[in-house]
Amino acid sequence: MKKKKVVLAYSGGLDTSVAISWLKEKRNLEVVALLVDLGQTSDLGMVKKKALKIGAGRVYLAEAKEEFLRHYAYPTLKAGAIYEGKYFLATALGRPLIAKKLAETAEREKADFVAHGCTGKGNDQVRFEVSLMALNPKLKVIAPMREWPIKSREEAIAYARKHKIPIEQTKESPYSIDQNLWGTSIECGLLEEPGRMPPEDAYRLTQSLEKAPDKAETVELEFKKGVPLKLNKKQLSPVKLVSALNKIGGKHGVGRTDLVENRLVGIKSREIYEAPAAKILYTAHRALEELTLGRETFHFKEGLALKYAELIYCGYWVSPLKKAMDAFVEVTQKNVSGSVKLKLYKGNCEIVSRKSPFSLYKKSLATYEKGDIFDRTLAEGFIKLWGLPLKVQAENKK
């Protein structure tokens with residue numbers, strides 16, 4: 001009797017490597033591994049060979065770096081979305097794209113199931129499965145980590161050794177790391193103690209402040225309609241531009257975040273993040289919006305950005321509300337064009353200058369020096385009208 005088939009979202013890490021063996025042994029399934037290239041630094045050729053060695057019948061390698069940045073990271077940048085003020089959503093953004101590739105591969109392979117290696121108490125299980133529901137509600141999902149008796153990373157490591165599964169993690173370095181071009185998410189190990197400073201060996205992209213150069217570096221970014229196009233006057237593809245900023249920013253220790261966040265499943269989790277390029281791009285993009293957006297639009301968009309980040313974090317990338325919010329964001333980006341210079345130094349990312357042909361800043365209105373054209377005589381009447389409701393309320397209390 002022909003075995004049923006499952007397409008597994010494979011990363012090469014501990015959990016998905018164990019999952020290949022488990023799906024074959026416990027579920028008697030033919031495993032097709034899907035490796036999606038979002039810019040992780042691991043040798044994907046070696047990762048592919050590893051999946052075959054463990055027991056995958058076939059491995060697909062999907063090149064998706066450009067798609068990831070253009071259609072996932074950049075729209076989020078334009079929205080200004082940051083979860084809980086610190087997290088640039090790198091891992092959360094990758095999940096709906098991987099889900100899309102899973103659905104496409106399952107259709108191509110005529111697979112009976114798709115699977116992922118997410119923990120049963122994390123956010124990623126929700127992101128994968130909710131996205132898959134929206135993309136193909138008929139697909140059945142297997143989540144091995146919600147079914148197997150393995151409860152800790154130590155037990156997973158022991159299982160891998162017993163089944164001769166090659167792994168990188170050790171009991172001394174048990175970090176769980178997810179990396180793509182937009183950033184790196186790191187958890188587990190000593191990081192589960194919020195009272196302890198993250199150890200330097202946990203970081204992958206950024207230098208410590210002590211090792212960062214003693215000399216500042218200036219970079220210039222140019223945007224058109226909210227999208228970064230040039231770095232230091234040179235037009236670059238999204239992949240090359242983000243890669244360059246990760247290298248430059250990482251050298252200067254820019255983009256580190258230590259966050260005790262509120263997970264979707266109801267618990268608090270301590271994670272550290274690295275996102276040098278995202279930090280630099282968000283800082284520059286906001287500087288241009290400060291110049292080019294009117295007050296009401298700017299303030300309304302700030303509120304929308306919070307909801308936009310929450311939707312992504314909670315797995316609602318493929319949703320009607322997210323699509324509607326994208327339409328609003330696109331309208332706001334019409335005039336978000338121009339250039340921004342930034343100084344990178346010892347973990348800091350500071351604005352040096354910003355300019356735009358659509359700037360709403362008028363020095364003749366803002367200045368307190370010669371050349372001021374602001375009509376001060378209008379202020380008294382404006383204040384009386386602005387404060388009138390409060391004055392009436394105060395009079396009624398007497």
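Source: prediction; values computed, not measured.
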Student: Are Arg58 and Glu109 close enough for a salt bridge, meaning some N to O gap below 4.0 Å?
Tutor: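 Between Glu109 and Arg58 there is a salt bridge, with a charged N closer than 4.0 Å to a carboxylate O.
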Student: When you measure from the side chain of Asp124 to the backbone of Thr119, do you find a donor-acceptor pair of N or O atoms at a distance under 3.5 Å?
Tutor: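 It does not hold such a pair.
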Student: Counting distance only, does the side-chain N/O of Asn246 pair as donor-acceptor with the main-chain N or O of Gly249 below 3.5 Å?
Tutor: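 It does not hold such a pair.
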Student: NZ of Lys233 to OG of Ser339: how many Å apart, nearest 0.5 Å?
Tutor: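 OG of Ser339 is found 6.0 Å from NZ of Lys233.
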Student: Can you tell if the side chain of Asp15 reaches within under 4.5 Å of the side chain of Met145, non-hydrogen atoms only?
Tutor: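 Yes. Closest side-chain heavy atoms under 4.5 Å.
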Student: Checking the side chain of Lys322 only, and the main-chain atoms of Leu311 only, is there a donor and an acceptor separated by less than 3.5 Å?
Tutor: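 A pair under 3.5 Å: no.
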Student: Report the C-alpha separation of Lys211 and Glu200 in whole Å, then their side-chain angles, then the decisive distance to 0.1 Å, and conclude whether the salt bridge (charged side-chain N to carboxylate O under 4.0 Å, His left out) test is met.
Tutor: CA-CA 11 Å; Lys211 292 183 179 179; Glu200 279 301 316; over 6 Å; no
Student: Work out which heavy atom in Val254 is nearest to a heavy atom in Asn348; give both atom names and the distance.
Tutor: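 Val254 and Asn348 have their closest heavy atoms at CG2-O, 3.6 Å.
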Student: Go through it in stages, so that I can follow the logic: the residues are Ser11 and Thr16, the test is side-chain hydrogen bond (donor to acceptor under 3.5 Å, both in side chains), and I'd like the CA-CA distance, side-chain angles, deciding distance and then a yes or no.
Tutor: CA-CA 6 Å; Ser11 68; Thr16 54; 3.1 Å; yes
Student: Using the ring of each side chain (for Trp, its six-membered ring), is Tyr87 parallel, tilted or perpendicular to Tyr83, with breaks at 30° and 60°?
Tutor: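 If you compare the ring of Tyr87 with that of Tyr83, the planes turn out perpendicular.
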Student: For the CD1 atom of Ile82 and the CD1 atom of Ile312, what is their distance to the nearest 0.5 Å?
Tutor: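 Between atom CD1 of Ile82 and atom CD1 of Ile312 there are 11.0 Å.
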Student: With the side chain counted from C-beta on, respond yes when Tyr175 and Asp201 share a heavy-atom pair under 4.5 Å apart, and no when they do not.
Tutor: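 In contact.
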Student: Are the side chains of Val126 and Cys314 in touch, meaning some heavy atoms are under 4.5 Å apart?
Tutor: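 Not in contact.
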Student: Report yes if some heavy atom in the side chain of Val227 is under 4.5 Å from a heavy atom in the side chain of Lys78; otherwise report no.
Tutor: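 A side-chain contact exists here, since the closest heavy-atom pair is under 4.5 Å.
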Student: A side-chain contact here means heavy atoms from C-beta on lying under 4.5 Å apart; do Tyr308 and Asp326 qualify?
Tutor: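 Side-chain contact under 4.5 Å: yes.
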Student: Which value, rounded to the nearest 0.5 Å, describes the distance between Leu360 atom CG and Thr292 atom OG1?
Tutor: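 These two atoms lie 6.5 Å from each other.
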Student: Check whether Glu274 reaches the backbone of Tyr203 with its side chain - one donor and one acceptor, N or O, closer than 3.5 Å.
Tutor: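 Checking the backbone N and O of Tyr203 against the side chain of Glu274, no donor-acceptor pair under 3.5 Å is found.
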Student: With distance as the sole criterion, is a donor-acceptor pair present between the side chains of Arg146 and Gln125 under 3.5 Å?
Tutor: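 Checked: Arg146/Gln125 side chains pair up, N/O donor to acceptor below 3.5 Å.
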Student: Between the side chains of Tyr313 and Glu261, does any donor sit under 3.5 Å from an acceptor?
Tutor: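 There is such a pair between these side chains.
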Student: Does a side-chain heavy-atom distance below 4.5 Å link Leu190 with Pro198?
Tutor: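 When only atoms from C-beta onward are counted, Pro198 and Leu190 do not touch, as no gap falls below 4.5 Å.
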Student: With a 4.0 Å cut-off on N to O distance, would you call Asp178 and Arg95 a salt bridge?
Tutor: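 Arg95 and Asp178: salt-bridged.
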Student: Determine yes or no for a side-chain-to-main-chain donor-acceptor pair under 3.5 angstrom, with Lys50 supplying the side chain and Gly12 the backbone.
Tutor: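 A pair under 3.5 Å: yes.
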Student: Inspect the contact between Glu25 and Lys162 and indicate whether a charged nitrogen and a carboxylate oxygen are less than 4.0 angstrom apart.
Tutor: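 No, no charged N to carboxylate O under 4.0 Å.
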Student: Please confirm whether the backbone N or O of Val265 pairs with a side-chain atom of Lys121, one donor and one acceptor, at under 3.5 Å?
Tutor: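 The answer is no, because no donor-acceptor pair under 3.5 Å joins these two groups.
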Student: Quick check: are there more than 12 heavy atoms from other residues, nucleotides or ligands sitting under 6.0 Å from NZ of Lys341?
Tutor: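 At most 12 heavy atoms, drawn from other residues, nucleotides or ligands, come within 6.0 Å of this atom.
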Student: State, to 0.1 Å, how close Lys86 and Asp258 come at their nearest heavy-atom pair, and which atoms those are.
Tutor: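 Smallest interatomic distance, heavy atoms only, reads NZ-O, 3.2 Å.
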Student: Does some side-chain heavy atom of Ser269 sit less than 4.5 Å from a side-chain heavy atom of Asn123?
Tutor: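 Asn123 vs Ser269: side chains apart.
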Student: If you count the non-hydrogen atoms of other residues, nucleotides and ligands that lie under 6.0 Å from OH in Tyr361, is the total more than 12?
Tutor: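 More than 12 within 6.0 Å, yes.
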Student: About how many Å separate CG of Leu205 and OG1 of Thr184, when rounded to the nearest 0.5 Å?
Tutor: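 Reported to 0.5 Å precision, the distance equals 3.5 Å.
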Student: With a 4.0 Å cut-off on N to O distance, would you call Glu30 and Lys110 a salt bridge?
Tutor: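 A salt bridge is absent here (no side-chain N lies under 4.0 Å from a carboxylate O).
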Student: CZ of Phe358: more than 12 outside heavy atoms within 6.0 angstrom?
Tutor: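 Enclosed.
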Student: Determine, for Lys26 against Glu147, whether the closest basic-nitrogen to carboxylate-oxygen distance falls under 4.0 angstrom.
Tutor: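 Here Lys26 does not pair with Glu147 in a salt bridge, since their nearest N and O are not under 4.0 Å apart.
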Student: Counting only heavy atoms not in Lys279, do more than 12 fall under 6.0 Å of its NZ?
Tutor: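 It does not: Lys279 NZ has 12 such atoms or fewer within range.
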Student: Any chain of hydrophobic side-chain contacts (each under 4.5 Å) joining Ile142 to Tyr60?
Tutor: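 They do not share one cluster, since no chain of ILVMFWY contacts under 4.5 Å joins Ile142 to Tyr60.
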Student: Between the side chains of Lys230 and Glu220, is the shortest nitrogen-to-carboxylate-oxygen separation below 4.0 Å, so that they form an ion pair?
Tutor: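 No, Glu220 and Lys230 are not salt-bridged.
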Student: Indicate yes or no: at least one non-hydrogen side-chain atom of Tyr316 is less than 4.5 angstrom from one of Leu321.
Tutor: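 Counting from C-beta outward, Tyr316 and Leu321 never come under 4.5 Å.
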Student: Ignoring hydrogens, what is the shortest heavy-atom contact between Leu132 and Ala99? Give both atom names and the distance.
Tutor: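 Taking every non-hydrogen atom into account, CD2-O, 3.5 Å.
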Student: Is it possible for you to say whether Leu14 and Val36 belong to one hydrophobic cluster, with membership spreading through side-chain heavy-atom contacts below 4.5 Å?
Tutor: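 Different clusters: Leu14 never reaches Val36 through Ile, Leu, Val, Met, Phe, Trp or Tyr contacts under 4.5 Å.
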Student: Please determine whether a side-chain nitrogen of the Lys or Arg among Glu104 and Arg108 lies less than 4.0 Å from a carboxylate oxygen of the Asp or Glu.
Tutor: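 Here Glu104 does not pair with Arg108 in a salt bridge, since their nearest N and O are not under 4.0 Å apart.
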Student: Of all the heavy-atom pairs spanning Leu291 and Ser359, show the shortest one and how long it is.
Tutor: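 Looks like CD2-OG, 3.4 Å.
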Student: Go through the side-chain N and O atoms of Glu66 and Ser237 and say whether any donor and acceptor fall under 3.5 Å apart.
Tutor: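 Note: Glu66 and Ser237 side chains miss the donor-acceptor criterion.
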Student: Is Glu310 salt-bridged to Lys307, cutoff N-O under 4.0 Å?
Tutor: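 Salt bridge flag = yes for Lys307 with Glu310.
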Student: Consider only side-chain heavy atoms of I, L, V, M, F, W and Y, link residues closer than 4.5 Å, and tell whether Leu38 and Leu44 are in one cluster.
Tutor: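 They do not share one cluster, since no chain of ILVMFWY contacts under 4.5 Å joins Leu38 to Leu44.
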Student: Got a donor-acceptor contact below 3.5 angstrom from the Ser337 side chain to the Lys225 backbone?
Tutor: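 Such a contact is found between Ser337 side chain and Lys225 backbone.
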Student: Look up atom CD in Glu380 and atom CG in Leu378, then write down how far apart they are to the nearest 0.5 Å.
Tutor: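 If I round to the nearest 0.5 Å, the distance is 11.0 Å.
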Student: Please assess Thr206 against Arg256 for the test side-chain hydrogen bond (donor to acceptor under 3.5 Å, both in side chains), listing each intermediate value before the final yes or no.
Tutor: CA-CA 7 Å; Thr206 55; Arg256 286 188 177 186; 2.7 Å; yes
Student: Taking it one step at a time, do Glu302 and Arg286 satisfy salt bridge (charged side-chain N to carboxylate O under 4.0 Å, His left out)?
Tutor: CA-CA 10 Å; Glu302 282 196 309; Arg286 182 183 173 90; 3.0 Å; yes
Student: Salt bridge (charged side-chain N to carboxylate O under 4.0 Å, His left out), that's the test. Do Lys65 and Glu63 meet it? Break it down for me.
Tutor: CA-CA 6 Å; Lys65 294 193 292 291; Glu63 164 54 53; 2.7 Å; yes
Student: Please report the closest heavy-atom contact between Ile186 and Ala202, naming both atoms and the distance.
Tutor: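 In this case the closest contact between Ile186 and Ala202 is CD1-O, 3.1 Å.
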Student: Tell me if the NZ atom of Lys343 is crowded by more than 12 foreign heavy atoms within 6.0 Å.
Tutor: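 No.
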Student: Hey, does the side chain of Tyr159 reach the backbone of Ile165 with a donor-acceptor pair shorter than 3.5 angstrom?
Tutor: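 Judged by distance alone, no pair lies under 3.5 Å.
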Student: Hey, is CD on Glu107 packed in by over 12 heavy atoms from elsewhere, all under 6.0 Å?
Tutor: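 Count not over threshold, so no.
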Student: Hey, any chance Val59 and Trp22 share a hydrophobic cluster, counting ILVMFWY side chains that come within less than 4.5 Å of each other, even indirectly?
Tutor: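 No; tracing contacts between hydrophobic side chains, which count when under 4.5 Å, never links both residues.
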Student: Do Arg263 and Glu187 meet the salt-bridge criterion of a basic N to acidic O distance under 4.0 Å?
Tutor: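 Answer for the salt bridge query: yes.
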Student: Between Tyr282 and Ala81, is there a donor-acceptor pair closer than 3.5 Å when you use the side chain of the first and the backbone of the second?
Tutor: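 A pair under 3.5 Å: yes.
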Student: Do Phe68 and Val47 sit in the same hydrophobic cluster, where Ile, Leu, Val, Met, Phe, Trp and Tyr count as joined when their side-chain heavy atoms come under 4.5 Å apart?
Tutor: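 Unlinked, Phe68 and Val47 end up in two clusters.
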Student: What is the minimum heavy-atom distance between Ala62 and Leu34, and which atoms define it?
Tutor: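 Answer, listing the atom of Ala62 first, then Leu34: CB-CD1, 4.2 Å.
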Student: Indicate yes or no for a side-chain donor-acceptor contact from Thr76 to the backbone of Tyr72 under 3.5 Å, with no hydrogens or angles considered.
Tutor: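 Judged by distance alone, yes, a pair lies under 3.5 Å.
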